[in-house]
Amino acid sequence: MVMNFVCHDEIPAGMELKSIILVDDADWQVGIPLSIWASVWWGRQTEWCTRHDIASFESYDRQGQLIVFRKAGPAFGESQSWQLHPATGEFRDQHNRRASWRGFLQRHPELAGRLMAAFALRLTGER
């Protein structure tokens with residue numbers, strides 16, 4: 001289900017065909033970009049190489065999918081983004097600085113529950 005966000009951009013129509021959308025609510029958008037074009041959308045307002053360099057996106061994607069986390073901010077344009085590459089354990093903030101996955105989950109425990117629910121629904125074939 002696509003929702004309008006006060007502090008997020010609405011996920012464009014058709015993006016679900018280019019992404020696996022795990023969470024889409026008032027606080028979080030979490031998705032797995034399946035193409036460079038989806039990576040550009042998910043990575044906007046970041047400094048990630050996977051946002052603007054096709055070769056970088058393809059290199060990461062060959063090793064395993066990227067997961068992008070976007071948290072709503074208090075005002076438009078103040079959202080925060082992180083990118084996780086589980087295959088390499090690389091986790092980066094929107095400024096492309098290394099971040100702590102463990103610290104991220106400790107600061108955002110509500111997201112862990114949402115992710116578990118999303119994974120369970122995907123495993124059962126529900127949406």
Side-chain angles (χ1 to χ4, degrees):
M1 176 160 80
V2 176
M3 303 173 77
N4 290 319
F5 292 90
V6 174
C7 301
H8 280 309
D9 293 335
E10 183 175 338
I11 295 175
M15 186 57 65
E16 66 275 3
L17 301 175
K18 299 173 186 84
S19 305
I20 298 170
I21 300 168
L22 299 172
V23 176
D24 185 8
D25 63 29
D27 298 318
W28 289 95
Q29 291 175 322
V30 181
I32 299 171
L34 301 176
S35 71
I36 182 63
W37 311 116
S39 188
V40 168
W41 187 85
W42 283 99
R44 68 202 177 287
Q45 299 178 352
T46 72
E47 298 171 24
W48 303 330
C49 62
T50 54
R51 177 186 179 268
H52 57 76
D53 181 30
I54 293 171
S56 293
F57 173 79
E58 289 175 345
S59 176
Y60 278 101
D61 195 56
R62 276 192 300 275
Q63 298 173 67
Q65 295 172 323
L66 294 160
I67 304 172
V68 177
F69 303 85
R70 298 182 66 223
K71 180 167 178 48
F76 181 77
E78 294 183 11
S79 63
Q80 296 175 293
S81 298
W82 297 266
Q83 180 173 249
L84 173 66
H85 190 243
T88 60
E90 191 170 323
F91 186 59
R92 297 211 174 242
D93 69 11
Q94 64 198 30
H95 302 291
N96 207 31
R97 296 181 298 226
R98 288 195 180 271
S100 165
W101 175 243
R102 181 175 292 168
F104 174 80
L105 289 177
Q106 289 172 345
R107 284 188 306 281
H108 306 289
E110 76 287 357
L111 181 59
R114 291 182 190 154
L115 288 173
M116 292 304 292
F119 291 140
L121 288 175
R122 293 201 67 80
L123 289 172
T124 62
E126 299 176 35
R127 288 188 61 104

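Residue indices begin at 1 and follow the sequence shown.
For the pair L34 and Q65, the minimum side-chain heavy-atom distance is below 4.5 Å. Residues W48 and S81 form a side-chain contact, since some pair of their non-hydrogen atoms from C-beta on lies under 4.5 Å apart.
Here the straight-line distance linking atom CD of Q45 with atom CZ of R70 works out to 7.0 Å at 0.5 Å rounding. To the nearest 0.5 angstrom, I36 atom CD1 is 7.0 Å from T50 atom OG1.
By the side-chain hydrogen bond (donor to acceptor under 3.5 Å, both in side chains) test, S56 is found to be paired with D53, residues two or more places apart in sequence or in another chain being considered. Contacts of S35 classified as side chain to side chain contact (heavy atoms under 4.5 Å, CB included), with partners at least two apart in sequence or in another chain: K18, W37, A38. E58 is linked by a side chain to side chain contact (heavy atoms under 4.5 Å, CB included) to I54, R62, counting only residues two or more places apart in sequence or in another chain.
W42 approaches V68 most closely through the heavy-atom pair O-CG1, 3.8 Å. Among all heavy-atom pairs drawn from I32 and L66, the shortest one is CG2-O, 3.3 Å.
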**Q.** Working for side-chain contact (heavy atoms from CB on, under 4.5 Å), residues V40 and F57
**A.** CA-CA 10 Å; V40 168; F57 173 79; over 6 Å; no
Return all side-chain donor-acceptor pairs below 3.5 angstrom for residues 105-117, not counting sequence neighbours, or 'none' if the list is empty.
| unit_1 | atom_1 | unit_2 | atom_2 | d |
| --- | --- | --- | --- | --- |
| R107 | NH1 | G103 | O | 3.1 |
| E110 | OE2 | W28 | NE1 | 3.1 |
| R114 | NE | D25 | OD2 | 3.4 |
| R114 | NH1 | D25 | OD2 | 3.4 |
| R114 | NH2 | D27 | OD2 | 3.4 |

Considering only distance and modelled atom types, tabulate donor-acceptor pairs under 3.5 Å from the side chains of residues 85-93, sequence neighbours left out.
| unit_1 | atom_1 | unit_2 | atom_2 | d |
| --- | --- | --- | --- | --- |
| H85 | ND1 | T88 | OG1 | 2.9 |
| H85 | NE2 | Y60 | O | 2.9 |
| H85 | NE2 | G64 | O | 2.8 |
| T88 | OG1 | H85 | O | 3.4 |
| T88 | OG1 | E90 | N | 3.4 |
| E90 | OE1 | Y60 | OH | 3.1 |
| E90 | OE2 | Y60 | OH | 3.0 |
| E90 | OE2 | R92 | NE | 2.7 |
| R92 | NH1 | N96 | O | 2.6 |
| D93 | OD1 | H95 | N | 2.9 |
| D93 | OD1 | N96 | N | 3.2 |
| D93 | OD1 | R97 | N | 2.9 |
| D93 | OD2 | R97 | NE | 3.0 |
| D93 | OD2 | R97 | NH2 | 3.0 |

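Of the N and O atoms on the side chains of Q83 and T46, not one donor lies less than 3.5 Å from an acceptor on the other residue.
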